[in-house]
Visitor: 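Can you read through this structure? Questions will come right after.
What's counted below: heavy atoms across the whole structure, side chains too, no hydrogens, waters or symmetry copies.
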Amino acid sequence: MSLRTLPLLFINLGGEMLYILDQRLRAQNIPPDKAKKDDWTDQERKRVMNDIITTMFNKKFMEELFKPQELYSKKALRTVFDRLAHASIMRLNQASMDKLYDLMTMAFKYQVLLCPRPKDILLVTFNHMDAIKDFIRDSPSILNQVDETFRQLIDMYNCLPAGEFQLIRQTLLIFFQDMHIRVSIFLKDKVQNSNGRFVLPTSGPVPWGTEVPGLIRIFSFKGEEVKRVEFQNGGNYASPLREGSYDLFGDRVLKLGTNMYSVSRSVETHMSGTLKSSAAHTKENVVPNPLAKEELNLLAQLLGGLELKKPSTTDHSFRLNLFTNDEEEEQAALTRPEELSYKVINIQASEDGKENKELTRIMGSFVWTDTQLAELSKGRYTSSSLMDECENSIYVHLYVF
């Protein structure tokens with residue numbers, strides 16, 4: 001697997017998320033003079049988009065994201081986007097968040113499958129980046145933030161060989177291989193079958209740098225062409241007009257990654273039979289281990305209590321529904337397979353401001369004596385001896401389930 005895939009996965013999924021949110025916010029937009037308490041206005045839509053983009057392209061987060069590393073698990077990546085979607089005053093309930101993530105992943109999966117050549121995944125990313133810049137064109141400070149990431153993409157990926165892009169493409173397809181969610185737009189356009197699998201076209205321009213199939217050239221051992229044989233290629237292919245631009249500004253030529261929601265279209269998602277049957281096969285990547293969850297609950301009790309964080313219901317937050325109405329949203333929540341639900345356990349270290357006795361006991365095991373501190377100040381503790389001291393200490397890793 002490629003260690004350079006994560007930035008492309010995150011930015012492209014983030015771009016698709018912004019397309020969907022912008023479309024739904026515009027659909028629910030109401031003029032300020034007619035807006036009620038829970039209605040959206042265009043000013044609030046812009047605020048939501050600005051807040052999410054600002055969080056998405058946070059400088060420190062981008063620095064960590066661009067470090068060579070393996071992809072996050074499906075569960076971890078889903079959690080990242082859950083937090084990102086709620087980085088502003090907007091609130092999504094579980095069913096709407098599930099639908100949002102389904103649309104994001106299936107759209108980018110389709111784009112990866114249709115890329116004429118592996119390097120064109122970078123053009124898809126640039127299309128998303130161009131659209132994101134358009135969302136915040138009236139906010140210079142955020143625009144500079146996005147441009148900085150754009151330059152990082154150019155510096156990191158423009159110099160990669162074709163083989164590395166092929167490895168990136170394979171890594172992305174492995175990540176998406178068990179996702180077969182039916183999307184109404186794809187079904188209506190007949191690019192997706194009823195089982196959730198995509199239909200790849202046998203027409204259109206061939207990859208840049210290649211020729212239209214239909215000719216076999218035969219060469220002698222001296223490298224001279226001695227014969228040509230033509231054959232029917234079974235498709236309607238054409239030569240590419242030109243290569244897309246890989247610069248900060250320019251014509252990308254490739255349309256994959258542009259906003260397919262720019263024209264108002266209703267979008268629905270449905271679980272395919274394939275996805276339901278494969279849920280058990282991928283359960284270790286989708287739902288937490290029951291024993292791990294029990295251990296986390298026990299840890300929560302030790303640290304002072306278990307609390308499930310509830311969405312904010314203040315007057316300054318607004319709920320966005322990705323379904324036609326509330327009834328459809330409730331029905332989607334009931335019919336979604338349990339294997340695909342995402343639950344977050346939040347832990348607080350104290351309860352009602354009182355110090356927990358068990359927590360005090362655990363913390364006491366970390367206290368060093370005056371003799372040990374004196375030895376440390378004299379430099380007598382090496383890194384290995386420090387590790388020895390910690391052998392009996394308790395290390396706790398909290399994972400979000």
Visitor: Under 6.0 Å between ring centres, would you say that holds for Tyr19 and Tyr261?
Guide: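 No: the rings miss the under 6.0 Å criterion.
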Visitor: Leu77 and Phe175: which non-hydrogen atoms are nearest, and at how many Å?
Guide: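 Looking at all heavy atoms of both residues, the shortest contact is CD2-CZ, 3.6 Å.
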Visitor: Is it true that Glu243 and Arg117 have a side-chain N and a carboxylate O under 4.0 angstrom from each other?
Guide: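 Looking at Glu243 and Arg117, the cut-off is met.
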Visitor: Between Ser88 and Asp51, do the side chains contain an N or O donor and an N or O acceptor separated by less than 3.5 Å?
Guide: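 A pair is found: one side chain offers a donor N or O, the other an acceptor, under 3.5 Å apart.
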Visitor: Are Arg217 and Glu211 ion-paired here, with the side-chain N under 4.0 Å from a carboxylate O?
Guide: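 Judged by the 4.0 Å cut-off on N to carboxylate O distance, Arg217 and Glu211 do form a salt bridge.
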Visitor: Verify, without hydrogens or angle tests, whether Thr5 (side chain) and Met1 (backbone) share a donor-acceptor contact under 3.5 angstrom.
Guide: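 A pair under 3.5 Å: no.
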Visitor: Using ring centroids (six-membered ring only for Trp), state whether Phe10 and Phe66 fall under 6.0 Å.
Guide: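 Between Phe10 and Phe66, which both carry aromatic rings, the centre distance is not below 6.0 Å.
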Visitor: Would you mind checking if Asp102 and Arg182 are paired as a salt bridge, meaning a charged N to carboxylate O distance below 4.0 Å?
Guide: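 Between Asp102 and Arg182 there is no salt bridge, as every charged N stays at least 4.0 Å from the carboxylate O atoms.
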Visitor: Within a radius of less than 6.0 Å around CD of Glu225, do more than 12 heavy atoms belonging to other residues, nucleotides or ligands occur?
Guide: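 More than 12 heavy atoms, drawn from other residues, nucleotides or ligands, come within 6.0 Å of this atom.
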Visitor: Are Lys133 and Asp130 within salt-bridge range, i.e. N to O under 4.0 Å?
Guide: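 Looking at Asp130 together with Lys133, the answer is no, because their closest N to O distance does not fall below 4.0 Å.
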Visitor: Please tell me whether Gln94 and Asp98 have a donor and an acceptor in their side chains that are separated by less than 3.5 angstrom.
Guide: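 Yes.
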Visitor: Would you say the side chain of Phe57 lies within less than 4.5 Å of the side chain of Ile132, judging by non-hydrogen atoms?
Guide: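 In short, these two side chains touch, coming nearer than 4.5 Å.
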Visitor: Surrounding CD of Glu63 (heavy atoms of other residues, nucleotides or ligands, distance under 6.0 Å), is the total greater than 12?
Guide: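 More than 12 within 6.0 Å, yes.
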Visitor: Side chains of Leu256 and Leu123: does their closest heavy-atom pair fall under 4.5 Å?
Guide: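 Contact flag for Leu256/Leu123 side chains = no.
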Visitor: Please confirm whether Tyr246 and Tyr157 have ring centers closer than 6.0 angstrom.
Guide: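 Centroid distance Tyr246-Tyr157: not below 6.0 Å, so no.
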Visitor: Is it true that Arg78 and Asp82 have a side-chain N and a carboxylate O under 4.0 angstrom from each other?
Guide: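 Looking at Asp82 together with Arg78, the answer is yes, because their closest N to O distance falls below 4.0 Å.
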Visitor: I'd like to know if the side chain of Asp251 pairs up with that of Ser245 as donor and acceptor (distance under 3.5 Å, no hydrogens or angles considered).
Guide: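 Result is no, nothing qualifies.
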Visitor: Is the side chain of Asp22 donor-acceptor paired with the backbone N or O of Leu18 at a distance under 3.5 Å, no angle test?
Guide: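 Answer holds: no.
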Visitor: Regarding Glu64 and Gln69, is there a side-chain donor-to-acceptor distance under 3.5 Å anywhere?
Guide: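 Not at all, the side chains of Glu64 and Gln69 share no donor-acceptor pair under 3.5 Å.
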Visitor: Is the centre of the Phe150 ring less than 6.0 Å from the centre of the Phe126 ring?
Guide: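 Under 6.0 Å, so yes.
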